Amino acid sequence: MARPGKLPSNILALGATSAIAEATLRLFAARGGRFYLVARNPDKLAAVAADLKTRGASSVMTHVMDLDDTAAHPAMLEAAAESLGTIEMALLAHGMLGDQEQAEKSYLAAEAILGTNFMAPVSLITWLANYFAGLHSGTLAVISSVAGDRGRKSNYVYGTSKGALNIFVDGVRNRIDRAGVHVLTIKPGFVATPMTAHLPQGPLFAQPSKVAAGIFRAIEKRKDVVYVPAFWALIMLIIRMIPRRIFKKLNI
Amino acid sequence: MARSSLRPRFESWGRYPVLHADLWPLNWGGDFPLRNGPATRLLPVGAGRSYGDVCLLENGTLLPTRGPGISGGMDRFISFNVESGVLRCEAGVTLAEILDFAVPRGFFLPVTPGTKYVTVGGAIANDIHGKNHHVAGTFGRHVPCFELVRSDGARILCSPEHNAEWYSATIGGMGLTGLITWAEVRLRPIVSRKIQYTGIKFNGIEEFIALSQASTQIEYTVAWIDCVSTGKNFARGIYMQGDHSPDPAPLIPSKTPWLVFPIDLPELALNRHSIGIFNTLYYNKQLSKRTTGFVDYEPFFYPLDKVLRWNRMYGKSGLLQFQNVLPHEGGREGMTEILKAITASGLASFLAVIKVFGDVSSPGMMSFPAPGITLALDFPIRAEISFELLERLACITLEHGGRMYPAKDARMTAAQFQAFYPQWKDFSRFIDPAFDSAFWQRVTK
Ligand SMILES: Cc1cc2nc3c(=O)[nH]c(=O)nc-3n(C[C@H](O)[C@H](O)[C@H](O)COP(=O)(O)OP(=O)(O)OC[C@H]3O[C@@H](n4cnc5c(N)ncnc54)[C@H](O)[C@@H]3O)c2cc1C
Ligand SMILES: NC(=O)c1ccc[n+]([C@@H]2O[C@H](COP(=O)([O-])OP(=O)(O)OC[C@H]3O[C@@H](n4cnc5c(N)ncnc54)[C@H](OP(=O)(O)O)[C@@H]3O)[C@@H](O)[C@H]2O)c1
């Protein structure tokens, strides 16, 4: 499995203003990486770009767009490939937690979550998988979630979007790994980011910098799937093993 | 976002007083003014490394730019000019993060406190000082400009040239004048991590003053002083001085500490006897009258940072800090009186340091440092005894024309504060109408 290669330095980041993405990109900036950053809020995007530049990035280009706009994906991706010369790594980070209660009542609310967390990545990954396969190299790193490992009462709509994403990314890996493309599924547990700022922060919450270090190592080691922090692999193993007849009575 | 009405506890570093407040973390420069903000009063906070209540607000909403239990925060760099050494960054960046960035590039902080886990915003708002105060002045002197955002949305670019009144009110302004979103800090060049160090044992305030007068050319000076011993050991101590090493050496980054103080010690663990033993060991650790050598900057500046959360050593009830400055005129008599009051009280201070501040003026209207002798102590909280002693120390400070440091205070009275800082009324014109702090309520109402 592990074929340690050269670490990527031409990086496309989708949802670059995500706290987890930012922390991860900093590690590559310190090594002089080149970046093409895509996010929807221009002020936040400019702040992230300046930070990476100051930390040592050799160049940072930015592109403002709403990633729900799948029709505009190909043009954006072509612009990224052209600006970077070659895209060596794509990091997919954007996502939304959504409101589970609302999504239980309204299909439109559920559709919005599935659109942002699943359909938009499908569109991006389809283009990127073909691009990397054509190059016979590259790293495709996708931030999913532990929530995709099992349907839970408390967040199954978000969980579905991530679970579907896991299957899709697995399939893509099985297709293009043999072409020399590294496909990484990243499954963070609870991370203290703006997405979770409204939740009470228990001891299971990790800082984005810690999660980023785990992602960096997984890229370095060309892992297929990584739980970050690593102890989530064990927690999710246990959760997956709980028999359905018990699980359906639990309040998690 | 819905906020619960039962507000969580929020502790400062001294863990006294413990007050309740909601947290509304700030992640981006544009997050303030708040959208759909709460009806309560507001107060920005950094890393919560102040000891008392300057970073607290009962039943208010704290706006952390950083810190545990919150998301990433306002921790971005904005630009760095290698020629001038000026770093521009968001207010939630910590001094530890600046060092990680700057040291490998051959730069160091212009002024640093005894812990590196404070934010740039907090360093400005308390106009902090370090061991080089006698040559470099306060932190604010090395801040060419910053942005202040008011709750009405006004964004004020502050520097000594532009909006100079806001600049001066906000440096040392204890977070009350608005939110600092970003600031520039002028770093200084270094060629090595090492500090050329000399430690000299002394006996008594007179000898301490003589050592201070003989070392004004040395960049960093401070002394540890024994506040337990009486008789011939009264006011013994170790005078510590150092300069950045001029010999080029590898500028590698620091390691992250892994030692975390695991539990709250029982309240009585730190007492006169245990501290007395510690003091004797510490004083005698250095065998000769004078030692010299090269030490890494980490243990020289941040001996306590090696153990994360060391404040748990004081137990759940927390600790009281005290720091004052007395003018040179009458200062030694005043300090002697203070040390006598402490030894007589039977309370022991674990971390007592004494230093001579220089004449470099502070840029802030409410800045604490002033020319004279400064003493910093901490005490475990033993109910009334601790409070009575602090009251006594405040009175001696007042009698000698000195003042106390709000960042390290939980007890001074309104009358004392207003005598220490007669400019407080003028300062209050600059307070943001939506902002308030437990400290400010205590000393003005
Ligand atoms: C071990 C130790 C050693 C210390 N040594 C020294 C020393 O040598 N010299 C010294 O001067 N101090 C020292 N201190 C005190 C410490 O440096 C100050 O209290 C500092 O202000 C703490 O910074 P903070 O980021 O934790 O801010 P906080 O404690 O969270 O807040 C401090 C103040 O800053 C305000 N503030 C914070 N962020 C902002 C912002 N973005 N905009 C506006 N206002 C803001 C808050 O409202 C509050 O009034 C020490 C503290 C410790 C724990
Ligand atoms: N935090 C956790 O506990 C956790 C756990 C497991 C997995 N994850 C996953 O980690 C990823 C990163 O999240 P985070 O925790 O870093 O939270 P975050 O900081 O809130 O990041 C989410 C990012 O997604 C962006 N985004 C959302 N919808 C978008 C759209 N339509 N177009 C463009 N950008 C869009 C947001 O942009 P704006 O800033 O403009 O809104 C934001 O930058 C997400 O995929 C999330 O599902 C997070």
Side-chain angles (χ1 to χ4, degrees), chain A residues 16-27 29-32 35 37 39-57 60 62 93 97-99 101-102 188 190-213, chain B residues 1-4 6-9 22-32 34 36 63-82 86-94 96-98 100-102 104-105 107 147 155 181-182 184-185 187 253 256 258 260:
Chain A
T17 52
S18 117
I20 297 177
E22 252 196 290
T24 308
L25 298 175
R26 284 179 186 179
L27 301 176
R31 313 166 60 95
F35 297 91
L37 309 178
R40 64 180 169 187
N41 180 309
D43 294 337
K44 295 181 185 178
L45 185 55
V48 174
D51 179 62
L52 295 177
K53 191 96 191 61
T54 309
R55 288 176 194 269
V60 184
T62 59
L97 197 53
D99 183 332
E101 260 178 60
Q102 245 195 315
F190 294 128
V191 192
T193 72
M195 186 178 278
T196 53
H198 60 292
L199 303 174
Q201 310 248 310
L204 288 178
F205 272 80
Q207 287 299 313
S209 55
K210 173 128 198 237
V211 169
Chain B
M1 246 170 269
R3 305 268 147 182
S4 70
L6 254 182
R7 302 196 158 92
R9 291 155 54 97
D22 285 327
L23 297 183
W24 191 296
L26 303 178
N27 289 288
W28 304 92
D31 283 357
F32 188 76
L34 309 177
N36 306 318
L63 311 174
T65 61
R66 231 23 224 291
I70 73 149
S71 50
M74 295 174 59
D75 66 346
R76 294 172 198 88
F77 293 135
I78 299 169
S79 63
F80 180 58
N81 182 326
V82 200
V86 173
L87 174 73
R88 184 184 285 207
C89 63
E90 291 180 350
V93 168
T94 65
E97 288 161 343
I98 294 185
D100 287 345
F101 172 83
R105 289 170 169 80
F107 286 91
E147 182 187 67
R155 303 186 96 86
T181 49
W182 58 260
E184 287 189 356
V185 183
L187 305 178
T256 321
W258 50 272
V260 182

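The structure presented is a predicted model; accordingly, all values stated were derived computationally and were not measured. Every chain is numbered from 1 and lettered A, B, ... according to where its sequence line falls, protein lines coming before strand lines.
- F101(B) touches chain A through its side chain: at least one heavy atom from C-beta onward sits under 4.5 Å away, while N, CA, C and O do not.
- The number of heavy-atom neighbours closer than 6.0 Å to CZ of R31(A), taken from other residues, nucleotides and ligands shown, is 12 or below.
- Residues that satisfy the salt bridge (charged side-chain N to carboxylate O under 4.0 Å, His left out) test with R105(B), not counting sequence neighbours, are absent from this structure.
- In this structure, N41(A) and W28(B) have side chains that are not in contact, with every pair of non-hydrogen atoms separated by 4.5 Å or more.
- Partners of K53(A) by side chain to side chain contact (heavy atoms under 4.5 Å, CB included), not counting sequence neighbours, listed by chain and number: V60(A).
- Residues R76(B) and R55(A) are not in side-chain contact: their nearest non-hydrogen atoms beyond the backbone lie 4.5 Å or more apart.
- With a 4.5 angstrom heavy-atom cutoff, T17(A) touches chain B via backbone and side-chain atoms both.
- For the pair D75(B) and D51(A), the tightest heavy-atom approach, listed with the atom from each and the gap, is O-OD1, 4.5 Å.
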